[in-house]
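Keep in mind that the numbers below use all heavy atoms, side chains included, and drop hydrogens, waters and symmetry copies. Reminder, nothing fancy here: chain letters follow the sequence lines and each chain counts from 1.
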There are 2 protein chains.
Amino acid sequence: MNETASKTDLILDAALPVFVRFGFRKTTMADIARAAKISRASLYLCFNSKEELFRAGSKREHLSTMNNVKAALDRSGSIFDRITAAIRAFQEGLITPFGGGHNAEELFAASTELAPDIALEARARLLDLLIKALSEAEKTREIDLATLQTQPTELAALVVAAMDGIKHTRGAGPEFEGGIRLFMALLKLGTAPQLGQAGP
Amino acid sequence: MNETASKTDLILDAALPVFVRFGFRKTTMADIARAAKISRASLYLCFNSKEELFRAGSKREHLSTMNNVKAALDRSGSIFDRITAAIRAFQEGLITPFGGGHNAEELFAASTELAPDIALEARARLLDLLIKALSEAEKTREIDLATLQTQPTELAALVVAAMDGIKHTRGAGPEFEGGIRLFMALLKLGTAPQLGQAGP
DNA sequence: AGACGATTAGACATTTTTGATCCATATGTC
DNA sequence: GACATATGGATCAAAAATGTCTAATCGTCT
């Protein structure tokens, strides 16, 4: 099979916990090589720099997370439950693994500084998936956007913004869950289809 | 009160978890200063070097642990229970805090390399306390060393050696507890007073 | 055995970080 | 004001990290 991909994956598997434990700055290529049980020289055969390695890891993590997000939206259930699950997957995939603590901030900073494109692309894709889900829900009359005089694109942006705001102000634990639940309840009320308004 | 002592204690309080988390090598004076919420310059007003700071922390930790060991031996109960508790206190005080993992080894190495006198003195004191406890137990006829044809000093040395060996071969978790329990049972049998042999 | 690619240890120059010191400037305290 | 103490920043030597390179080693294949 593709040996290079498998090799880099093994390295990234070993590197992730090291980055999580020590942060980007305190993690050395020697640390990663030791964790991956290869030599430092071999590390540079797969990745040309520490930054490139980190970017690859960040990309893989984002891809994996976005797959979970998409799966959550594709499952059955109400549009609200699916969006809630998608948001939870997004948060757990990109925040929780960096176990809340001293390193979380430093790692997040490194991510947005060294690989801003990856993080931004993931956000764009999340927005896109939400727009698609909301559009379909509107077509099937599960939700009604006429009351709010809005569109799927605008509403999806609000959802993402709310997610960000809730995460920022509150912590990342059960408080975040509560905030999301409240917001989703609000969304449900605002988009409830008006019975007997379907047509003439 | 003694302001310098209190100040250094505050610094050591802040430094210990940093050392535990990152190990000696990866911990910088800037890290410690940040954790203690003082400036690097102030740090050097209390400790002349990183090594001196580490030694002070190690010494304080050893003192605290040895107090617990002494307390365990001074409590009531059989000599075997008290020795078992003392050994457990010794292990938990100097090993467990360095949460089992990557840093434990590095920290232990730093301790025996940067402050070998402190560790050795603690061991000597442990031996001394055990000798005293065994001597008193012999006086009160709780144990009988005649069967083994030995003395408190020799027996205490064996206890320490066994503790070391068990810790070294087995891990530090419940396996250590089992090993100690077995050894103490052996010790109990070997030192059981011979009934009706007290004297003419 | 010999050839081959992959992997490695190790030396290396360069850049970055850290340890440690110093000073000029706050920040209170008497 | 006089005094002690804390701080940020400049500074310099020492240590460590990055990234490159070469020679040696290893395993595999024929």
Check this one for me: any side-chain N or O of A:Lys7 less than 4.0 Å away from OP1 or OP2 of C:dT7? yes
Interatomic distance where CZ belongs to A:Phe22 and C1' belongs to C:dT17 [whole Å]: 17 Å
What's the CE-P distance between A:Met29 and C:dT8, to the nearest Å? 14 Å
Determine whether A:Phe108 and A:Leu94 make a side-chain contact, defined as any pair of heavy atoms from C-beta on separated by less than 4.5 Å. no
Determine yes or no for a side-chain-to-main-chain donor-acceptor pair under 3.5 angstrom, with A:Ser111 supplying the side chain and A:Leu107 the backbone. no
Comparing B:Arg25 and B:Ser42 on DNA chain D - which has the more 5′ nearest nucleotide: B:Ser42
Of A:Ser39 and B:Tyr44, the one whose closest nucleotide on DNA chain C sits nearer the 5' end is A:Ser39
Tell me the interatomic distance from B:Glu51, atom CD, to D:dA14, atom P, rounded to whole angstroms. 17 Å
Nearest whole angstrom, please: distance from the P of D:dA16 to the CZ of A:Arg34. 13 Å
Side-chain donor/acceptor of A:Ser64 to backbone N/O of A:Arg60, under 3.5 Å: no
Quiz question: going by heavy-atom distance under 3.5 Å, is there a donor-acceptor pair between the base of D:dG19 and the side chain of A:Arg40? yes
Nearest whole angstrom, please: distance from the P of D:dA16 to the CG of B:Asp31. 16 Å
From D:dT7, C:dA20, D:dT18, nucleotide with atom closest to B:Ser49 side chain: C:dA20
Take the protein atom CG of A:Leu45 and the nucleotide atom P of C:dG5, then report the distance between them rounded to whole Å. 15 Å
Write down the distance between NZ (B:Lys50) and P (C:dT21), rounded to a whole number of angstrom. 15 Å
In whole angstroms, how far is the C1' atom of C:dA9 from the CG atom of A:Leu43? 15 Å
Is the number of heavy atoms from other residues, nucleotides or ligands within 6.0 Å of CD (B:Glu142) greater than 12? yes
